[in-house]
Structures are given as C-alpha cells and as structure tokens.
Amino acid sequence: MALMKRCVAESIGTFWLVLGGCGSAVLAAAFTAGAAKLGEGTAAPLGIGLVGVSIAFGLTVLTIAYALGHVADCHLNPAVTFGLWAGKRFPGSELLPYIIAQVTGAIAGAGVVYLIASGKAGFTLTGSNPLATNGFGTHSPSGYSLAACFLTEVIMTFMFLMVILGATDRRAPQGFAPIAIGLALTLIHLISIPVTNTSVNPARSTGPALFAGLEHIAQLWLFWLAPILGAVLAGFFYSSFFAESRKERIPAEPIKTLR
C-alpha cells in the first residue's frame with residue numbers, strides 16, 4: 001500500500017484511539033444522572049470508571065486494527081513505530097511520516113473530545129488531568145513521583161511492544177493479533193491509570209495536552225521519552241532473543257521415499 005494511504009490510515013486510527021479512549025475518560029468515566037436519586041435530592045453517580053476506560057482504550061485498538069490493518073500496520077503510536085523499527089520490522093525512512101500522521105490524528109481526536117465536552121454548561125479545563133491528560137507529580141492522578149511515573153511508562157511500553165512483536169510474529173497464530181494487543185492495552189490501563197493516567201503513547205499524550213494548557217505541555221517530554229525508550233528496548237530485545245533463526249526460516253527438505 002502506498003505510504004500516503006498508510007499515513008491516512010494511521011491518522012484515522014489514532015484519531016479513533018484518542019476519541020474512544022480519552023473520550024470515554026472525559027465524558028463517561030464519572031457523571032451524575034439527575035434522574036436517579038438517592039435520599040433527599042442527591043443525584044446518583046454513574047459512569048464506567050477506571051475499568052470502563054481501560055476497556056475502551058483496548059477496544060479502540062482492537063476494532064481499528066481489524067478495520068484498517070489491511071491498509072496500514074495500525075501502529076497508532078510513535079512508540080510502537082520506534083519499537084517496530086528497533087525490532088527490524090519497520091523502515092527508518094518512514095518513521096517521520098508515520099509519527100506526523102499519528103500526532104495529527106491524536107490532535108484531531110482530542111479536539112473533538114474538547115468540542116463535545118465544552119458543550120455542557122460549566123465545563124472547564126481544570127483539575128490535575130483535564131481532557132484525560134497524562135502527568136507526574138501534581139498531575140499524576142494519585143500523586144506519584146516523576147521517577148515512579150517514568151519507570152511505569154518505560155516498563156508498560158516495553159511489555160506492550162513485547163506483546164505486539166510476539167502476536168504479529170510470522171510464527172504466531174494468524175488473525176488474532178488485534179485481540180492480544182487490545183487486551184494488553186486494557187491491562188496496561190488497569191495497572192497504570194492511577195500512576196500517570198496511562199500514556200504508553202506520545203501522540204495520545206500530545207493531543208489532549210495541547211488543549212489543556214502550558215502546565216501539561218511542560219510535562220510532555222516524559223511521555224515522549226519514556227514510552228519510546230521502553231519500546232526501543234523491547235524491539236532490540238525481541239529481535240536479539242526471539243527472532244526467527246535461519247533454520248526456522250528455511251523449510252525442511254521433503255523426505256524422499258524409495259520407489
């Protein structure tokens with residue numbers, strides 16, 4: 001497929017990831033239903049919560065991978081692109097176009113979430129993680145330190161790439177990679193939402209931060225450095241220890257029978 005078509009698919013896919021994942025966090029994680037009452041005039045809190053948001057992120061990857069995986073590789077994430085490059089699965093010459101497409105899609109997705117959210121009276125970009133931004137220190141959902149957040153993002157992205165590289169390996173069962181990758185992203189969010197609000201994706205972090213303001217933009221460096229570092233380490237590790245051997249690549253000669 002032509003590079004331009006693949007980049008368009010990457011942009012659409014990353015748009016869907018941010019719209020579905022960050023949108024669920026902003027619009028559906030917690031809200032108050034005026035129709036449901038508890039006691040005297042107390043509205044019952046509803047929403048999908050941490051578990052629902054985690055599932056939403058996993059579903060975005062799973063669905064778009066099946067929808068557009070035949071057009072592009074559906075990286076949807078600069079860290080994944082770097083990890084596949086380090087794992088000798090992706091050409092370095094296409095890194096920049098893919099990353100530009102991913103960041104563009106993420107910004108568009110965050111913009112749509114912002115437009116929808118701002119349609120409700122009283123909406124403001126306040127709090128530690130407005131518009132589902134990622135952060136450390138005062139912008140960590142549970143106040144985790146810079147060191148803890150950096151370690152979390154490196155390890156989570158490392159394991160995410162290990163799943164991606166393994167599930168898309170030629171030797172792995174075919175057709176099931178999106179399921180494994182989507183479930184892995186769900187698990188990663190279940191673990192790390194309280195720590196960093198879960199990035200493992202520089203594009204996903206950049207989109208919301210650009211709308212949330214300078215405080216959040218100032219912390220973006222961690223959500224580029226840590227995920228890319230974790231992904232590159234995974235790529236080098238997988239290609240060094242688990243890549244196909246020459247013996248595996250060459251089919252065995254058929255057994256000759258006497259006639």
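What's counted below: heavy atoms across the whole structure, side chains too, no hydrogens, waters or symmetry copies.
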message: Show, in sequence, the C-alpha distance, side-chain angles and deciding distance for S128 and T138, and conclude whether the side chain to side chain contact (heavy atoms under 4.5 Å, CB included) test is met.
response: CA-CA 7 Å; S128 61; T138 57; over 6 Å; no
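- Contact detail for A180 and A167: the closest heavy-atom pair is CB-CB, 4.1 Å.
- With rounding to the nearest 0.5 angstrom, the OG atom of S192 is 11.0 Å from the CD1 atom of I155.
- Under a 3.5 Å cut-off, the side chain of S145 and the backbone N or O of A148 do form a donor-acceptor pair.
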field: side chain to side chain contact (heavy atoms under 4.5 Å, CB included) assessment of L190 paired with T198
entry: CA-CA 9 Å; L190 289 172; T198 308; over 6 Å; no
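- To the nearest 0.5 Å, atoms CG (N197) and OG (S205) are separated by 9.0 Å.
- The shortest distance between side-chain heavy atoms of P178 and V61 does not fall below 4.5 Å.
- The structure places CG of L185 at 6.5 Å from OG1 of T60, a figure rounded to the nearest 0.5 Å.
- In this structure S142 satisfies the side-chain contact (heavy atoms from CB on, under 4.5 Å) test together with Y144, P194, sequence neighbours excluded.
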field: Derivation of the side chain to side chain contact (heavy atoms under 4.5 Å, CB included) call for T81 and L95
entry: CA-CA 7 Å; T81 302; L95 279 170; 3.4 Å; yes
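- Summarising the geometry, atom CD1 belonging to I228 is positioned 11.0 Å from atom CG belonging to L161; distances are rounded to the nearest 0.5 Å.
- Considering every non-hydrogen atom in both Y66 and G175, the closest pair reads OH-O, 2.8 Å.
- Heavy atoms from other residues, nucleotides or ligands lying under 6.0 Å from CD of E215 number 12 at most.
- In the model, S11 has no side-chain atom that pairs as donor or acceptor with a side-chain atom of T104 under 3.5 Å.
- Proximity of a side-chain donor or acceptor of N201 to a complementary backbone N or O of L76 within less than 3.5 Å is detected.
- Side chains of T186 and F57 form no contact here, defined as non-hydrogen atoms less than 4.5 Å apart.
- If you run side-chain hydrogen bond (donor to acceptor under 3.5 Å, both in side chains) between N134 and each of R204, H139, Q219, only R204 comes through.
- At distances below 3.5 Å, at least one donor-acceptor pair connects side-chain atoms of D169 with backbone N or O atoms of R171.
- Scanning all heavy atoms of the two residues, the minimum distance from I193 to S54 falls at CD1-OG, 3.6 Å.
- In terms of heavy-atom proximity, G166 sits nearest to A172 at O-CB, 3.4 Å.
- We find the CG-CD1 distance between L50 and I55 to be 10.0 Å, quoted to the nearest 0.5 Å.
- Linking Ile, Leu, Val, Met, Phe, Trp and Tyr whenever their side-chain heavy atoms come within less than 4.5 Å leaves V195 and L220 in two separate clusters.
- A 6.0 Å sphere centred on CG of L214 holds no more than 12 heavy atoms belonging to other residues, nucleotides or ligands.
- Under the 4.5 Å side-chain heavy-atom criterion for ILVMFWY residues, no single connected hydrophobic cluster contains both L68 and I179.
- At distances below 3.5 Å, at least one donor-acceptor pair connects side-chain atoms of R6 with backbone N or O atoms of M1.
- Nearest heavy-atom pair, C74 versus I64, reported as atom, atom and distance to 0.1 Å: SG-O, 3.6 Å.
- Side-chain heavy atoms closer than 4.5 Å link hydrophobic residues (I, L, V, M, F, W, Y) into clusters, and following such links, possibly through other members, connects I116 to I107.
- One N or O on the side chain of E10 and one on the backbone of H75 form a donor-acceptor pair closer than 3.5 Å.
- Put simply, the side chain of E153 never gets that close to the backbone of F223: no donor and acceptor are under 3.5 Å apart.
- Other residues, nucleotides and ligands contribute more than 12 heavy atoms inside 6.0 Å of the CZ atom of F158.
- Side-chain contact check for I188 versus M159: every heavy-atom pair is 4.5 Å or farther apart.
- In the hydrophobic cluster analysis, where Ile, Leu, Val, Met, Phe, Trp and Tyr join through side-chain heavy atoms closer than 4.5 angstrom, L27 is grouped together with Y114.
- Side-chain contact, T206 with W224: a donor N or O sits under 3.5 Å from an acceptor N or O.
- One N or O on the side chain of S239 and one on the backbone of F236 form a donor-acceptor pair closer than 3.5 Å.
- Minimum heavy-atom separation, Q102 to N77: OE1-C, 3.2 Å.
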task: Tell me, with the steps shown, if F237 and F242 meet ring-ring contact (aromatic ring centres under 6.0 Å, His included).
output: CA-CA 8 Å; F237 181 82; F242 301 131; 5.6 Å; yes
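- Looking only at side-chain heavy atoms (C-beta outward), P130 and H216 come within less than 4.5 Å of each other.
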task: For the pair L183 and L187, evaluate side chain to side chain contact (heavy atoms under 4.5 Å, CB included) and give the outcome as yes or no after the intermediate values.
output: CA-CA 6 Å; L183 289 175; L187 176 58; over 6 Å; no
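- Contact annotation: the side chain of I217 approaches that of L210 to within less than 4.5 Å [non-hydrogen atoms, C-beta and beyond].
- Aromatic ring centroids of Y98 and F90 lie under 6.0 Å apart.
- Relative ring orientation between W221 and F136 is described as perpendicular, the plane-to-plane angle rising above 60° on a 0-90° scale split at 30° and 60°.
- The CG atom of L131 lies 11.5 Å from the OG1 atom of T126; values are rounded to the nearest 0.5 Å.
- Residue F211 is grouped with residue V113 when hydrophobic side chains (ILVMFWY) are merged at heavy-atom distances under 4.5 angstrom, including chains of intermediate members.
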